[in-house]
Each structure stands twice: as structure tokens, then as C-alpha cells.
Amino acid sequence: MTHLKPETMGQQFGRRSWAEPWKIKMVEPLRMISREERERALVEAGYNTFLLRSDDVYIDLLTDSGTSAMSDRQWAGMMLGDEAYAGSRNFYHLEEAVRHHYGFRHVLPTHQGRGAEHLISQVAIKPGQFVPGNMYFTTTRLHQELAGGHFVDVIIDEAHDPEDLHPFKGDVDLDKLGALIERVGAGQVAYVSLAGTVNMAGGQPVSMANVRAVRDLCARHGIRLFLDATRLVENAFFIQEREAGFADRSIADIVLEFCSYSDGAWMSAKKDNLVNIGGWLAVNDDDQFEELRNLIVVYEGLHTYGGLAGRDMEALAIGIEESVQDDHVRSRIGQVRYLGELLTDWGIPIVQPVGGHAVFLDARRFFPHIPQDEFPAQTLAAELYLDSGIRSMERGIASAGRDAKTGDHNRPKLELTRLTIPRRVYTQAHMDVVAESVKAVHDGRGSTGGLRMTYEPKYLRFFQARFERL
Ligand code: P71
């Protein structure tokens, strides 16, 4: 038997290894049920990973949303909750943290990201207006549409091609944006909706040069620019890594500059900001803030809690500060990249370059024999669960929903299954187990058939839809 000399990851790449900038103080046991039990659980869940019980899941890569491990400082902060109905001291800590790290003047807490999306959409969109954005996100677009807006995708074409290696696949195509303004008139554009990074494109970043150019174009036409800041910290990492002139700037500094080109932002704090629940909305304009501050009491709660407990706001204020630390972001994205590099090496089709929060399997190339109307990405999520109890998420035709006018499926170019990595939760060994399971499903791909949808809810159908094997 040949004896292989074990090498660390760093040695394999000819460099010194890096490690997470924390150690583990508390653990949560994992359980893996048998293949027969998984088969039963999957049928019961209608082949939809959203409908599985988490007790039946081994490694949970459904989402990075609300699944982070909080730090000891955040947990200590939870004990300092000031649960006053009005004017909680934790609100002022949160307000200060958002002002300091994102640079906006007015801050409102919300129960999570979509609460903030709802408010900004209601206040900033007049029925019939257009909302250009760098690729849709499910909840963002729905709130824009519920407010009477029409979403228009103005992301660069490269974003729709999983094999294109453009370093900033989240960039806005300025010609597309310019043409829209020309066509409908600046007065009919509610605002530009810019997300950094772009979730549905594979966690792809926007460059600083691009946000500056978008800001200039908006300024020339008197159009506002709002950010989806959900994963803007991860976006800043890519700017630091890839954009000339930013290698020596801190992540915190890059985030602040990026925000300075915008009029405000909504935030799902369940991602970058390292909390299990929470969000915020921040704007600079006084009048717009007055309107939002009034509307929030209808839907979320008083403007000093917005649906959060005092303790939640304290954990969030501390989470914001921890989230912009360079060593944290480097190790977080390093872990995602590690999984992506393993799969790339093994010839498994994934979205390139590997993004910030997840590795996206390209289900079209993974299962070339399954037509899009038979839900290849949903099928892949189901097969991965069957193989090893790993839970992933469909981001393809089921997520894209139906065209509001024709009623037909939207058929996105990207048919992806997302392996989303929670922050500070899993180790490199978990990543190895995940990679081996993806490989096993890939090896057996020829015999895998597609799915048929048997139940379809009206809104955001992917959450509760049910499927069966064809
Ligand atoms: C994710 C989520 C959570 C989610 C939402 C919808 C379907 C499936 C899973 C949420 C985001 C997001 C961006 C860029 C706003 C929200 C809404 N992402 N913008 O990726 O990624 O935030 O969940 O706190 O309401 O799993 P919210």
C-alpha cells in the first residue's frame, strides 16, 4: 500500500494555513438519521427542503440567514436588554452602530429584512413606477411589486452566465440603466435598487467603480439610490481583494465609502450582522425618514424597537461591530471558497467565481438530461438530502415564480442549488463531508429523474410548494 504524506490545506497550496479567529465555547450536537428515515422525511416534505424538520437534517446549508453563531459578547449583550416599550437604551446603541459603520443619519429597527423592504417600497414607489436593480431578490421584488412598482433587471449580462469569470458580476450595466431612464423618463424611476453582494447571481460583488458610476448617473437625473446592505460587508471583502487601490483599506472603511454613494439602505441583519433575528432601515433624507417613522408603527412597532426586543437590538449592535472585522470576513469567505475549490477541482459545475456566502451548484450542467420545467435544482437539493442529510436550497425556476401577466413560469437562466454556509458554525471537516456528498450525487447523476409540482402557493411559492418524482 502506498503511504500518502498528509498535507494541510495551506501546504497543498504552498502557503501557511489560516484559521478561524475564534475558539468554540459551546456546542450543539448533530444527529444523522438513516437513509430510510430520510427517504420518508423527504416524501413527507413534498421534496421541498423548506418543509423538512431541522431535526431530520444533518448539516444545514439551507441558508446563512439567522443561522450564525453569536459571540460571547453578543450573548452577554442579550442579558443587558432594556425592554422598555419606548426609548430602549439598546435602540440607541443600534442607532450608533449603524451610523458609525454604515454612515446613514436616520435608523429604524425592523423585525427582519423584508420588514424594511416593505416600508421603503411603500414610501419610495408610486404605482406604475419602475425599479431598476442588479438582479431580483425574491422578497425585495415582491415588496416592490406590491407597492405598484415594476422591477427591471439592469445587471451586466455576465451575471447570468455561471461560467463567466468577471470579478464583479454584481455590477450594474450602465447602458441598460441609461436606456431605461431614457425610455420611461427619470420621473418614472422610483429609485435604483442596488444589492451588494448579489444573492441570486451566486453571491457576486459590485465594484466601487460601479457604485460610483451608478451614483453619478442617478445624480444627473435626480434619482435616488438605495442599497440592499444585507451582505455588503462580504462585498467589501471582494473590493479589498480585487479592486485596484483597496488592498490596504479596511473592510469597515470600504463599507462606509460604498454607503456614502447612496441615499439609504435596508438590511437583513440575519446575514452579515451576525444575529438570529433582526433588520434595519436607514435613510439620510429628513422628510423620507418622517414618513417611514410614521409607517413603521403600523407594521413593525414603535420606531425605537420595530418588532425587536431590546436584547435583540443589543446583540445586533455588537454584531455589527464584529461583522466588519477583517479577520472575521477573511475566514468566513475563506471557508466558502475552500468548499468551492474542492468541488471545482473535482470537475463539479458550480457558479464561478465562488461568491461570498455560498457555493452554488449549477443544476443545468449537473443534470443536463432534466429539462428546466422538471425542476433540476429542486431535484438536486432533494438528492443531496437523501445522500447525506445535507440541506440545501433551490434557486432556480421554482424560486423565480410566475410572470404576473402571462401566468407562465419565469424561466431564469440560472438554475442553481445553493449550499449556504452559516457564519461561525461549521468546521472544515463539515465542508469535507459536504463536498464528498456532492461528489457522490454527481457520480450517480445519470440515473436521477426530475420532479413535478403538485401544490403551488400564490406568494413566494418555493417556500411551501410540494413536488413528487416523475
Ligand atoms: C436567504 C435569505 C432568506 C430567504 C428569503 C427568501 C427566500 C429564501 C430565503 C434574505 C434576503 C436577502 C437579500 C439580499 C433581503 C432579504 C430578506 N435572504 N435581501 O438568502 O438575501 O431578508 O429574510 O431578513 O426578510 O436565505 P429577510
Side-chain angles (χ1 to χ4, degrees), residues 48-51 62-66 108 110-155 159 170 180 189-201 224 226-231 264-271 277-281 292 295-296 298-300 306-307 377-378 393-416 418 420 453 455-465:
N48 185 347
T49 52
F50 279 107
L51 300 179
L62 183 71
T63 179
D64 62 332
S65 182
L108 292 167
T110 60
H111 78 281
Q112 61 181 74
R114 70 198 72 179
E117 288 172 338
H118 172 221
L119 298 175
I120 193 72
S121 302
Q122 291 297 326
V123 164
I125 300 171
K126 292 197 196 78
Q129 282 187 321
F130 294 84
V131 190
N134 56 343
M135 199 173 272
Y136 86 100
F137 185 72
T138 52
T139 57
T140 316
R141 183 179 65 187
L142 180 61
H143 280 297
Q144 291 165 351
E145 287 172 353
L146 290 172
H150 304 291
F151 173 81
V152 182
D153 187 5
V154 294
I155 202 166
L180 175 75
V189 177
Y191 56 86
V192 172
S193 173
L194 186 76
T197 59
V198 181
N199 191 351
M200 302 299 277
R224 288 207 168 120
F226 289 112
L227 302 179
D228 182 332
T230 298
R231 298 184 184 86
W266 63 88
M267 179 73 178
S268 171
K270 301 168 72 171
K271 283 80 162 177
I277 192 71
W280 48 262
L281 176 61
L292 290 165
L295 197 62
I296 197 172
V298 182
Y299 292 105
E300 300 282 314
Q378 190 80 36
M393 186 193 290
E394 194 264 9
R395 299 275 77 169
I397 187 169
S399 293
R402 288 185 185 272
D403 185 288
K405 276 207 198 94
T406 67
D408 194 11
H409 291 302
N410 290 319
R411 290 189 180 75
K413 280 198 185 145
L414 297 175
E415 179 69 28
L416 309 173
R418 189 179 74 174
T420 337
M453 193 166 15
Y455 166 67
E456 179 174 359
K458 186 166 162 211
Y459 297 113
L460 302 173
R461 64 182 185 180
F462 54 90
F463 279 129
Q464 292 144 344

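Numbers here simply count residues along the sequence, with the first being 1.
The backbone N or O of Thr230 sits nowhere less than 3.5 Å from a side-chain atom of Ser268 that would complete a donor-acceptor pair. Looking at Glu415, its side chain does come within 3.5 Å of a backbone N or O of Ala377 through a donor-acceptor pair. Ser193 places no side-chain N or O within donor-acceptor distance of the main-chain N or O of Asp228, the cut-off being under 3.5 Å.
To the nearest 0.5 angstrom, Ile120 atom CD1 is 4.0 Å from Phe226 atom CZ. Rounded to the nearest 0.5 angstrom, Met393 CE and Asn48 CG are separated by 9.5 Å. Taken from CD in Glu300 to NE2 in His118, the straight-line distance is 8.5 Å, to the nearest 0.5 Å. Atom CZ in Arg141 sits 5.5 Å away from atom CG in Asn410 (nearest 0.5 Å). If you take OG1 on Thr110 and CD1 on Ile277, they are separated by 9.0 Å, rounding to the nearest 0.5 Å. The CG atom of Leu416 lies 8.0 Å from the CE atom of Met200; values are rounded to the nearest 0.5 Å.
In plain terms, the two heavy atoms of Glu394 and Ser399 that are nearest each other are OE1-OG, 2.7 Å. Scanning all heavy atoms of the two residues, the minimum distance from Ala398 to Arg461 falls at O-NE, 2.9 Å. A pairwise comparison of heavy atoms in His143 and Ser121 identifies O-CB, 3.5 Å as the closest pair. Between Ala201 and Leu414, the shortest heavy-atom distance links the atoms CA-CD1, 4.0 Å. Shown here for Leu51 and Phe463, the closest heavy-atom pair between the two residues is CD2-O, 3.7 Å. Listed here is the closest heavy atom pair of Phe137 and Arg395: CE1-NH1, 3.8 Å.
Ring geometry for Tyr136 versus Phe151: interplanar angle over 60°, hence perpendicular rather than tilted (30 to 60°). Ring planes of Phe50 and Phe462: tilted class, angle from 30 to 60°.
Two residues are said to be in side-chain contact when any heavy atoms from C-beta on lie closer than 4.5 Å; Met453 and Gln378 fail this criterion.
Checked options Arg418, Arg231, Lys270; the residue passing with Asp64 is Arg231 (criterion: side chain to side chain donor-acceptor pair (under 3.5 Å)).
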Let me see the working for Leu119 and Trp266 under side chain to side chain contact (heavy atoms under 4.5 Å, CB included), right down to the final yes or no.
-> CA-CA 9 Å; Leu119 298 175; Trp266 63 88; over 6 Å; no
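Under a cut-off of 6.0 angstrom, the local environment of OH in Tyr459 is sparse, with at most 12 non-hydrogen atoms contributed by other residues, nucleotides or ligands.
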